[in-house]
Amino acid sequence: MPEMPEVEIIRRGLAGKLVDCQIIDADILLPRLIKWPGIDDFSASVVGRTIKQVNRQGKYLLFVLDNGNNLVFHLRMTGRLCWVAAGAEQDAYRRIVFALDSGDSLVYADTRTLGTVYVLPQEDLWRISGLASLGPEPLSEAFTAEYLSLVLAKKRTKIKSFLLNQKYIGGLGNIYADEALAVAGIHPLRTAETLLPDEVKRLHAAVNQVIAEGIADGGTTFRDYRNGEGKAGHHQERLLVYGRDKSPASTAAM
DNA sequence: CAATAGCCCTGGTGGC
DNA sequence: TGCCACCAGGGCTATT
């Protein structure tokens with residue numbers, strides 16, 4: 001399940017391959033993944049366009065095209081976005097294949113097909129509600145201990161649920177939320193507003209730390225995650241808690 | 001506001 | 001070996 005570090009690794013890998021590449025065709029094998037606009041408008045907005053930037057917001061990947069449109073992906077559980085060299089074998093679960101002028105391809109593959117794809121002009125990105133409501137992300141200037149303290153103080157939800165809510169912090173999922181809590185020494189079932197000032201500081205530092213380490217390790221691969229070149233990450237070797245036991249503390253439904 | 005259930009989905013797994 | 005219930009779990013919606 002790609003979280004912010006995994007998506008960032010994908011972004012970096014793809015940026016190096018795709019900037020200034022032209023998309024010459026879009027083979028849409030599973031149209032229902034495209035949530036906006038309709039399939040015809042989608043193709044028309046993308047084909048013939050050149051990719052100018054590869055950006056990331058939270059767990060969203062955004063390809064800025066030379067017509068001002070953004071090609072947006074959310075990988076959800078099992079989405080993979082890979083650059084595939086001309087003639088090389090493509091993922092068996094490919095759902096959308098973008099042919100590039102170089103002869104290579106950008107392949108969106110997704111086993112469980114829960115991912116979402118959009119094309120929208122910059123000024124219409126608000127239509128993607130999850131993107132519009134995304135909170136500050138770890139390692140950003142906006143994500144300060146003060147911010148965290150302020151928001152936590154008003155929330156009676158459990159701290160792990162809080163961390164998973166993208167409105168409050170953009171980019172954490174199960175793995176890094178568990179890890180951050182473990183590093184900070186805070187039980188996942190604690191009520192958010194009961195965290196003491198010192199715990200809030202530890203949590204803030206821990207969130208930044210685990211995200212930075214995840215990125216440094218090339219992401220975490222349990223089963224499905226691959227980077228933009230189809231390779232696994234290795235942060236799973238350094239995890240403290242996630243996937244290591246089945247006690248209520250680490251697996252309670254949040 | 002918070003918690004919960006249901007939905008979207010497919011493949012891997014474990015039980016029998 | 002084959003069948004099947006169950007689980008994975010991000011994010012959204014509807015309900016309590």
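Chain A is the first sequence line, chain B the second, and so forth, proteins listed ahead of strands; every chain is numbered from 1.
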Using a cut-off of less than 4.0 Å, is there contact between a side-chain N or O of [X] and OP1 or OP2 of [N]?
| X | N | value |
| --- | --- | --- |
| A/K158 | B/dA3 | yes |
| A/Q166 | C/dG11 | yes |
| A/T78 | C/dA8 | no |
| A/K154 | B/dC1 | no |
| A/H74 | C/dG10 | no |

- Tell me, with the steps shown, if A/D178 and A/K160 meet salt bridge (Lys or Arg N to Asp or Glu O under 4.0 Å). CA-CA 7 Å; A/D178 280 353; A/K160 176 152 177 206; 2.8 Å; yes
Measure the distance from [atom1] on [X] to [atom2] on [N] and round it to the nearest whole Å.
| X | N | atom1 | atom2 | answer |
| --- | --- | --- | --- | --- |
| A/K167 | B/dC1 | NZ | C1' | 10 Å |
| A/L114 | B/dC9 | CG | P | 7 Å |
| A/L75 | C/dA8 | CG | C1' | 16 Å |
| A/K35 | C/dG11 | NZ | P | 15 Å |
| A/L189 | B/dT4 | CG | P | 11 Å |
| A/L152 | B/dA2 | CG | P | 12 Å |
| A/D178 | C/dG10 | CG | P | 10 Å |
| A/L164 | B/dA2 | CG | C1' | 15 Å |

- P-based separation of B/dC1 from C/dG10 [nearest Å]: 23 Å
- Span that lies between the P atom of C/dC3 and that of B/dC9, in whole angstrom: 25 Å
- Does the separation of the ring centres of A/F73 and A/Y118 fall below 6.0 angstrom? no
- Task: Let me know which of A/D27, A/L29, A/L30, A/I34 forms a side-chain contact (heavy atoms from CB on, under 4.5 Å) with A/I96.
- Result: A/I34
- What's the closest nucleotide to the A/R156 side chain, out of B/dA2, C/dG10, B/dG11? B/dA2
- Message: I want to verify a distance call: between B/dC9, C/dC12, B/dT10, whose nearest atom is closest to the A/Y93 side chain?
- Response: B/dT10
- Item | Geometric class of the A/F143/A/H204 ring pair [parallel <30°, tilted 30-60°, perpendicular >60°] | tilted
- Message: Would A/E193 and A/K155 count as a salt bridge (Lys or Arg N to Asp or Glu O under 4.0 Å) here? Give the steps.
- Response: CA-CA 5 Å; A/E193 65 176 359; A/K155 296 293 176 284; over 6 Å; no
- Have a look at A/Y60 and say if it touches a base, only the backbone sugar-phosphate, or nothing, with a 4.0 Å heavy-atom cut-off. sugar-phosphate
- Query: What is the nucleic acid contact for A/R32, judged by heavy atoms within less than 4.0 Å: base, sugar-phosphate only, or nothing?
  - Reply: sugar-phosphate
